[in-house]
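Chain letters run A, B, ... following the sequence lines, proteins first, then strands; residues in each count from 1.
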Amino acid sequence: MFDLRAIRKNPEQFDKNWARRGLSAQSSEILALDEANRGLQTELQELLAARNEKSKEIGKIKSAGGDADAIMAEVSSLKDKIAKLEEQQKIADEAVKTKLSGIPNILAEDVPDGPDEDHNVEIRKYGTPKSLNSIPKDHVDIGEALGMMDFANAAKMSGSRFVILNAGLARMERALAQFFLDTHTSEHGLTEVSPPLLVKSDALYGTNQLPKFADDLFKSSDTDHWLIPTSEVSLTNIVAEEIIDEEDLPRRYTAFTPCFRKEAGSAGKDTRGMIRQHQFYKVEMVSVTTPDKSIEEHERMTGCAENLLKKLELPFRTIVLCAGDTGFGASKTYDLEVWVPSQETYREISSCSNCWDFQARRMNARCRAKGEKDTKFVHTLNGSGLAIGRALVAVMENYYDPADGGVFVPEVLKSYMGGLEKILSC
RNA sequence: GGAAGAGUGGCAGAGUGGUUGAAUGCACCAGUCUUGAAAACUGGCAAGGGUUCACGCCCUUCGUGGGUUCAAAUCCCACCUCUUCCGCCA
């Protein structure tokens, strides 16, 4: 959502920014809708003012015991006009909102140009991918050989894109989640939250999954409940409709939850293995800041995610997404990509976005400085810290021991796995 | 799921058809007093929007959406949320 007054003031600037995402000019259409709406609004308000004034007069006359029939008839005659105008104005208002809610966020200035993911820019790299002399096994081969990863039986009950983990791998999944959460709460200063996994339409509108991306969400058929595709939805909506004291910001949340996605648009993509599932666990980070602090917070948050991969000693790189690859609600996004040996490439394991005031406007989430009258929209940020399924894949493949088909337990996970050194088939 | 009650400004809490956007208290802000603080006193204090160069004027909002009326926080309907009781249940 956008500040209409800002668009009125600087239409070209908005169009220029949207053009970076490959969008045609939008502002003239927006402004036309806006103008029509305001015209109707002004007209309507004049009628309402007249009605209010006359009604007050009637009140006065009546309480004085007089006869107000004449004025009452007069006001009565305004009724139809008001009703008609109200109807028109509502439609006009809806039109503006619908138009605006379908347009992506303004990009930060330092987002690199480019139409697609091939133009993303690497900004940091950590660790060195192991050189392997044989063709590396992928996590599916490793997991099935261990007898701890079962796609067939998952498919039997749930269809494709589900998995059953057993024994050591199930425990490692849990260990990763615990390790991430503990690191966030004890080292990064985030507050752990256990939020709802089912949310109402309004919440999804606030974090821009609706109305545009309904196709990728699972929905209850008889109630207004949707399964969250990420706990960004639950965590960010905590501040919806709130006015927060600036001194209480930033707020930094983290949650460990399952995430549910239809993956409607990715048929045939990553069909093998755990990379892309309908249901997966993720530890999420969400920050809510004052407008002047979000850029700083974005770097901090990305650093928190990177820290986890460093502690796991997994090779990764950090990229900044180019204009064409930056998501709908984000003004700037860093992706962390972890080395996946079987694919001999880096794959996304975290995405950290600064949404600026985009979600805040949709959620009506504001803040106020002490002693000041004016409110401002907060800035919201979200990032994975990290996707558990993909982290498990990365650990399995990077810590695989071809000598016995086992998987070494990363140092930082050992305490979460009862001191276990290595997962071996039983 | 059934029954009863309730949803008003940051909080508490008045208000059952007519200058009520809303008494009062607390909190908060500014000032007076004080060496300073407290107390006391004085004043201020909802959000969003339209219009205006501006002062200002106006509109909307008392859980949400409809309705009745010249006029709704106040009456009617539906929904949501909360509380209590009953039922069921991890």
To the nearest Å, give me how far apart [atom1] ([X]) and [atom2] ([N]) are.
X	N	atom1	atom2	value
Glu43(A)	U51(B)	CD	P	13 Å
Ile71(A)	G18(B)	CD1	C1'	13 Å
Asp34(A)	G49(B)	CG	P	12 Å
Asp245(A)	C45(B)	CG	C1'	14 Å
Glu46(A)	G49(B)	CD	P	20 Å
Asp93(A)	C59(B)	CG	P	18 Å
Asn37(A)	U60(B)	CG	P	16 Å
Leu44(A)	U60(B)	CG	P	8 Å

* **Tyr399(A): which of Val409(A), Leu314(A), Ile142(A) passes side chain to side chain contact (heavy atoms under 4.5 Å, CB included)** =>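 Only one option passes, and that is Leu314(A).
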[options]: which one has an atom nearest the side-chain heavy atoms of [X]?
X	options	result
Asn52(A)	A47(B), C59(B), C70(B)	C59(B)
Lys200(A)	C70(B), U51(B), C80(B)	C80(B)
Arg38(A)	C58(B), C70(B), U51(B)	U51(B)
Lys79(A)	C70(B), C59(B), G50(B)	C70(B)
Leu48(A)	U60(B), C70(B), U51(B)	U60(B)
Val75(A)	G49(B), G48(B), C70(B)	C70(B)
Thr42(A)	G50(B), G48(B), A71(B)	G50(B)
Lys60(A)	U19(B), A47(B), C70(B)	U19(B)
Arg8(A)	C70(B), G50(B), G48(B)	G50(B)
Gln45(A)	C70(B), A47(B), C59(B)	C59(B)

Measuring to OP1 and OP2 of [N], would you say a side-chain N or O of [X] lies under 4.0 angstrom away?
X	N	answer
Arg51(A)	C59(B)	no
Arg368(A)	C28(B)	no
Thr375(A)	G48(B)	yes
Arg5(A)	G49(B)	yes

* **Result of checking Lys293(A), Lys376(A), Arg368(A), Arg366(A) against Glu246(A) for salt bridge (Lys or Arg N to Asp or Glu O under 4.0 Å)** =>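 Testing each of Lys293(A), Lys376(A), Arg368(A), Arg366(A) against Glu246(A), the sole residue satisfying salt bridge (Lys or Arg N to Asp or Glu O under 4.0 Å) is Lys376(A).
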Sort out the partner of [N] for me: Watson-Crick or G-U wobble, both distances under 3.5 Å, none otherwise.
N	value
C57(B)	G50(B)
U19(B)	none
A12(B)	U24(B)
G43(B)	C29(B)
U83(B)	A4(B)
C88(B)	none

* To do: Assign the ring pair His278(A) / Phe218(A) to parallel, tilted or perpendicular, where the plane angle (0 to 90°) is split at 30° and 60°.
  =>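 Perpendicular, since the angle between the ring planes exceeds 60°.
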Would you measure the distance from the [atom1] atom in [N] across to the matching atom in [M] and give it in whole Å?
N	M	atom1	value
U64(B)	C28(B)	C1'	30 Å
U35(B)	G49(B)	P	47 Å
C33(B)	A38(B)	P	15 Å
G21(B)	G31(B)	C1'	27 Å
A54(B)	A47(B)	C1'	24 Å
U19(B)	U60(B)	P	15 Å
A30(B)	G17(B)	P	42 Å
C88(B)	G2(B)	C1'	11 Å

* Is there a side-chain contact between Gln209(A) and Thr230(A) (heavy atoms, below 4.5 Å)? ->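 Yes, their side chains come closer than 4.5 Å.
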* Asked: Does the side chain of Leu31(A) come within less than 4.5 Å of Pro11(A)'s, by heavy atoms?
  ->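 Yes, side chains in contact.
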* **Earlier contact from the 5' end, RNA chain B, for Lys376(A) and Ser76(A)** =>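 On the 5' side of the pair lies Lys376(A).
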* 5'-most by nearest nucleotide on RNA chain B - Asn364(A) or Glu53(A) ->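 In this pair, the answer is Asn364(A).
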* Tyr281(A) and ring pair (Phe, Tyr, Trp, His ring centres under 6.0 Å): which partner among Phe180(A), Phe260(A), Phe256(A)? ->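 The residue from Phe180(A), Phe260(A), Phe256(A) that satisfies ring pair (Phe, Tyr, Trp, His ring centres under 6.0 Å) with Tyr281(A) turns out to be Phe256(A).
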* Asked: Can a donor-acceptor pair under 3.5 Å be found between the side-chain atoms of Gln41(A) and the base atoms of G49(B)?
  ->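 No such pair is found, so the answer is no.
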* Asked: Which part of the nucleic acid, if any, lies within reach of Lys62(A) when heavy atoms closer than 4.0 Å are counted: base, sugar-phosphate only, or nothing?
  ->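 Counting heavy atoms under 4.0 Å across all strands, the contact made by Lys62(A) includes a base.
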* Looking at every strand, decide which applies to Lys90(A) at a 4.0 Å heavy-atom threshold: base, sugar-phosphate, or nothing. =>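 Sugar-phosphate contact only - Lys90(A) comes under 4.0 Å of backbone atoms but never of a base.
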* Ion pair check, Arg272(A) and Asp141(A), cut-off under 4.0 Å ->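 Salt bridge between Arg272(A) and Asp141(A), a charged N being under 4.0 Å from a carboxylate O: yes.
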* Regarding Glu232(A) and Thr207(A), is there a side-chain donor-to-acceptor distance under 3.5 Å anywhere? ->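 No donor-acceptor contact under 3.5 Å links the two side chains.
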